[in-house]
Amino acid sequence: MAAATPQPTSRTRSWWGWGWTDAHPDDAECTAMGALLPGTLSRPLPVPRVRDLGIGRPAVEPPGSLAGLVTSDPADRAAHAMGKAYRDVVRALRGRPGRIPDLVARPADEQGVADLLDWAGDRQVAVVPYGGGSSVTGGVEYRGDAHRAVLSLDLTAMGRVLEVDAEGRAARIQAGTLGPSLEDQLRPHGLTLRHFPQSFEFSTLGGWLATRAGGHYATGRTHIDEFVQAMRVVTPAGTSASWRLPASGAGPSPDRLFLGSEGALGVITEAWVRLQERPRHKASAAVAFADFHAALRAVRALAQTDLSPANCRLLDAGEAALSGAARDGCAVLVLGFESADEPVTARLERAVAMARSYGGRYEGGGRPAGAAAGAPGGDEAVSAWRSAFLRMPYLRDGLARMGAVAETFETAATWDRIPGLIEAVRTEVGAAALKATGHPATVNCRLTHVYPDGAAPYFTVLAAGRAGDEVALWDDLKAVAGEVLHRHRATITHHHAVGRDHRPGYDRQRPEPFALALRAAKGALDPRGILNPGVLVD
C-alpha cells in the first residue's frame, strides 16, 4: 500500500546556519549570549549574504538530457557548499565557505541518479551525495582540486514512502525523505519508524543510513542499523539491491557495506525499514544527583537491566544548567519510557527506585528532590531539556556570530574507561582553550546513549574565540580532543559519521586489513573516483 505524497513547507531554510531562518536569534539575543562569555565580540557578525560570495559560472554544463535535473543557481549552490558544523557556520560568516559546487542536481528517480553518475564519470566531475545537509563532520562538501567540477546530488526530490507492509510492519521508503515527511506518511497506517536524531527535522532516511545515525532510543535500538531490512544503492559499477529478509546468515551482509559509507561507495536510493506501532503509553521523570560519578554508576546499572528506557540521558551539572533542567549544581538523569501496548509507569518507578539507591533524589511528579527554588519540576525539567535540545543548534549559531567557539563532539567507550575519559576531555580541552584564548572555557558532558557494556558521552565546548581565526582555534581544540579519545580507545564518532573532519581519527581507529578491503571496494565500485572524494578512504 502506498502512502500519500508529502506536502512541502512554506518556511525558508538557512543557507549558512542551522534550520529555519525565522528561528535564528536576532542581534539583541546574540549580544546577550555573548555577554555571558568573556572574550567575545562587542556586536554580532552580520548575517552573510549569498551575493557577497561572488559565485562564478560553473566549470561544466550538463547535457540537454539532464538539464531538467540540474541547476546552477548561486543561492542553491551556496546552500549545498557545506554542512552545518560550527566550522561551516563560521566560514560562511567570514565569507570563506570553501569550494562551492558548480551544479546542484535533484533526480526524481533511480534512473536519474544512474544517468548523472555516468555523465559525471565521463567528465571527471566529483559527485557529493546530499540529503538534508545537516552534516557536522564535513561530509557534504568537496575539498581539494583534483576534479574538474563538483556536483551536489540532492536526493530530496525522492521523498516518498513507496509501499507499506502493515502485516510485516515495514515500509519501502525513498532515501531523500526528510524525517517529518517520513513520519507524516506513516501516520495514517498507525506506524512509525521512531528514529529521531537531533537533526530529525532537517535530515533524510538516506542520510541516516549513509552515516549510521543514532536516533531516539537511548538503549536498545540506538542506531538506524537496527531498522534496516534491505537497501538499494546505485554505484558507478551498477545497482546493489539486497533481499528483504527478517535475518540472514548468508555471508557478510551487503547492507553493512553501504551503511555508514557516506556516499563514497554508492548513492543509497531507497530502503525497506522495520516499523512499529505508535506508542500510546509514555512516562518520564528527572532524577537529581549531587555526585556525578554515582550517577554514572546508576546509569550503568539501568543499562544492564531489562527495563530498556527509551530515554536515559545523564546531564552533568553544567549541561543541566545550560538546558534549564536544574540550577542547583546537580547532575540530572532524564528518564523516559514508552510502549504501544502496555502502561509503562511500573517500569519508570523501578528505574527511579534504582536511581535513588545510588543517591539520586526524586520527588513525585518527576521533580528532582532538593532542587533550588525556582528550578523546574520533573515534568518541567524534562520539558526544559527537550526544548533546549532542539533550540541549541540555533543558539550555537548565535554564539558563532559573537565570535565564540560553541561546538560539540561525541564518542563511545566501555564503562571501565568512561570516568577517566570524561575527566581527561574536560581537563585537557579546557586547558588547551585557556592557553589559546587566555579565557576559561566551559566543557560540559552528557550521556546520550547507554549500553550494557558502555556509553556514548557527548561534549559541549563553549569558549572565547580568536577574531578571524575561529576555525583554526576549533580545529586545534578538536585535535586535542581526538588525542584524548584515541588514548582512551574511545571511538572518533558514535553517531555523527566520519566525514572529512574525523578522517585522521578514523584512519587511526580502523584495522589496516579492513582499510585495505575498503580501498579495494572503493576501486571496484567507483573506479573513476568521483563519489564524495576524501570521505572514508582516498
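Position 1 is the first residue of the sequence, and the numbers go up from there.
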Side-chain donor-acceptor pairs of residues 294-307 under 3.5 Å, sequence neighbours excluded:
from	atom 1	to	atom 2	distance (Å)
Q304	NE2	P452	O	2.8
T305	OG1	L302	O	2.7
T305	OG1	L307	N	3.2

(message) Less than 4.5 Å apart, side chain to side chain, heavy atoms only: is that true for P457 and L421?
(response) yes
(message) Working to the nearest 0.5 angstrom, can you tell me the gap between L462 CG and N444 CG?
(response) 6.5 Å
(message) Any side-chain to backbone donor/acceptor pair from T40 onto L37? Under 3.5 Å, distance only.
(response) yes
(request) May I ask you to decide whether R11 forms a salt bridge with D22, counting only side-chain N to carboxylate O separations under 4.0 Å? (result) yes
(message) Taking the basic N atoms (NZ, or NE/NH1/NH2) and the acidic carboxylate oxygens, is any pair closer than 4.0 Å for R347 and E338?
(response) no
(message) Between V334 and N311, is there a side-chain heavy-atom distance shorter than 4.5 Å?
(response) yes
(message) Just by distance, no angles: are the side chains of T345 and E349 close enough, under 3.5 Å, to form a donor-acceptor pair?
(response) no
(message) Give me the atom names and distance for the closest heavy-atom approach of V332 to A326.
(response) CG2-CB, 3.4 Å
(message) Assess, by modelled atom type and distance only, whether the side chains of E410 and T448 contain a donor and an acceptor separated by less than 3.5 Å.
(response) no
(message) Tell me if a side-chain donor or acceptor on R417 pairs with a main-chain N or O of H488 at a distance below 3.5 Å.
(response) yes
(message) Exactly one of L322, L315, L314 should register a side-chain contact (heavy atoms from CB on, under 4.5 Å) with R446. Which one does?
(response) L315
(message) Can you tell me how the ring of Y458 sits relative to the ring of H496, calling it parallel under 30°, perpendicular over 60° and tilted otherwise?
(response) perpendicular
(message) Does this structure show an ion pair linking R143 with D501, if we count only N-O contacts that are shorter than 4.0 Å?
(response) yes
(request) Go through the steps for T411 and I492 under the test side-chain contact (heavy atoms from CB on, under 4.5 Å), then give the verdict. (result) CA-CA 6 Å; T411 183; I492 193 62; over 6 Å; no
(request) Taking atom CZ of R391 as the centre, report whether more than 12 heavy atoms of other residues, nucleotides or ligands fall under 6.0 Å from it. (result) yes
(request) Could you point out which residue of R466, R91, R87, R500 forms a salt bridge (Lys or Arg N to Asp or Glu O under 4.0 Å) with D475? (result) R87
(message) Taking ring pair (Phe, Tyr, Trp, His ring centres under 6.0 Å) as the criterion, tell me which of F202, W15, Y394 meets it with W20.
(response) F202
(message) I need the T460 OG1 to E319 CD distance, nearest 0.5 Å.
(response) 4.0 Å
(message) So which atom in F292 and which in A331 form the shortest heavy-atom distance, rounded to 0.1 Å?
(response) CD1-CB, 3.9 Å
(request) Taking atom types as modelled, find out whether Y451 and T222 have a side-chain donor-acceptor pair closer than 3.5 angstrom. (result) yes
(request) Specify whether H80 and Y130 have parallel, tilted or perpendicular ring planes, treating 30° as the upper limit for parallel and 60° as the lower limit for perpendicular. (result) tilted
(request) Any chance you could lay out the side chain to side chain donor-acceptor pair (under 3.5 Å) test for T192 and Q276, step after step, and finish with the verdict? (result) CA-CA 6 Å; T192 175; Q276 58 192 294; 6.0 Å; no
(message) To the nearest 0.5 Å, what is the distance between CG on L53 and CD1 on I100?
(response) 5.0 Å
(message) How close do P44 and T31 get, counting heavy atoms only, and between which atoms?
(response) CD-OG1, 3.5 Å
(request) For the pair R94 and E470, find out whether any cationic side-chain nitrogen is under 4.0 Å from an anionic carboxylate oxygen. (result) yes
(request) Kindly compute the distance separating CD1 (I268) from CG (L259), expressed to the nearest 0.5 Å. (result) 6.5 Å
(request) Compare every heavy atom of M231 with every heavy atom of A271, then report the nearest pair and how far apart it is. (result) CB-CG, 4.0 Å
(message) Within the 4.5 Å heavy-atom criterion, are V498 and V535 side-chain neighbours or not?
(response) no
(request) Would you mind reporting whether E428 and R487 have side-chain heavy atoms less than 4.5 Å apart? (result) yes
(message) Using the rule given for side-chain contact (heavy atoms from CB on, under 4.5 Å), can you reason through V90 versus R96, listing the C-alpha separation, both sets of side-chain angles and the distance that settles it, and then say yes or no?
(response) CA-CA 8 Å; V90 170; R96 300 191 292 264; 5.8 Å; no
(request) Kindly indicate whether the side chain of T442, heavy atoms from C-beta on, has any atom under 4.5 Å from the side chain of V461. (result) no
(message) Regarding D154 and T156, do their side chains bring together a donor and an acceptor under 3.5 Å, going by distance alone?
(response) yes
(message) So, taking the atom named CZ in R313 and the one named OG in S323, what distance separates them when rounded to the nearest 0.5 Å?
(response) 12.0 Å
(request) Go through the steps to decide whether H223 and H495 satisfy the test side-chain contact (heavy atoms from CB on, under 4.5 Å), and finish with yes or no. (result) CA-CA 8 Å; H223 278 80; H495 59 267; 4.0 Å; yes
(request) Identify the heavy atoms of A285 and Y362 that sit nearest to each other, and give their distance. (result) CB-CE1, 3.6 Å
(message) On a heavy-atom basis, which atom in C30 and which in G398 lie closest, and how many Å separate them?
(response) SG-CA, 3.6 Å
(message) Ring of F227, cation from R274 - is the NZ or CZ under 6.0 Å from the centre and inside 45° of the axis?
(response) no
(message) For R519, is the CZ atom crowded, meaning more than 12 foreign heavy atoms sit under 6.0 Å from it?
(response) yes
(message) Could you check whether R221 makes a cation-pi contact with Y217, meaning its NZ or CZ is under 6.0 Å from the centre of the six-membered ring and within 45° of the ring axis?
(response) yes
(request) Begin from the C-alpha positions of D225 and R256 and carry the test salt bridge (charged side-chain N to carboxylate O under 4.0 Å, His left out) through to its verdict. (result) CA-CA 8 Å; D225 309 34; R256 287 282 173 179; 2.9 Å; yes
(message) Do K478 and E483 have side chains that approach each other closer than 4.5 Å (heavy atoms only, starting at C-beta)?
(response) no
(message) Are there over 12 heavy-atom neighbours, none belonging to D52, within less than 6.0 Å of that residue's CG?
(response) yes
(request) Any chance you could measure C312, atom SG, to L333, atom CG, to the nearest 0.5 Å? (result) 5.0 Å
(message) Can you classify the ring geometry of F196 versus H216 as parallel (below 30°), tilted (30 to 60°) or perpendicular (above 60°)?
(response) perpendicular
(message) What I want to find out is whether D316 reaches R426 closely enough, with some N-O distance under 4.0 Å, to be called a salt bridge.
(response) yes
(message) Counting the benzene-type ring for Trp, do W16 and H24 have ring centres under 6.0 Å apart?
(response) yes
(request) Give me the ring orientation class for Y86 and W474: parallel if the planes are under 30° apart, tilted from 30 to 60°, perpendicular past 60°. (result) perpendicular
(message) Pair V150, V128 - check side-chain contact (heavy atoms from CB on, under 4.5 Å), show working.
(response) CA-CA 7 Å; V150 180; V128 180; 4.2 Å; yes
(message) Between D27 and R401, does any side-chain N to carboxylate O distance fall below 4.0 Å?
(response) yes
(request) Decide whether R508 and H486 meet the rule of one side-chain donor and one side-chain acceptor closer than 3.5 Å. (result) yes
(message) Pairing donors with acceptors under 3.5 angstrom, does anything connect the side chains of E262 and T211?
(response) no
(message) If you define the side chain from C-beta out and look only at heavy atoms, does anything of P197 sit under 4.5 Å from W208?
(response) yes
(request) Give a yes or no on whether the backbone of W18 and the side-chain of D397 come within a donor-acceptor separation of less than 3.5 Å. (result) yes
(request) May I ask you to test the K84-S199 pair for a side-chain heavy-atom distance under 4.5 Å? (result) no
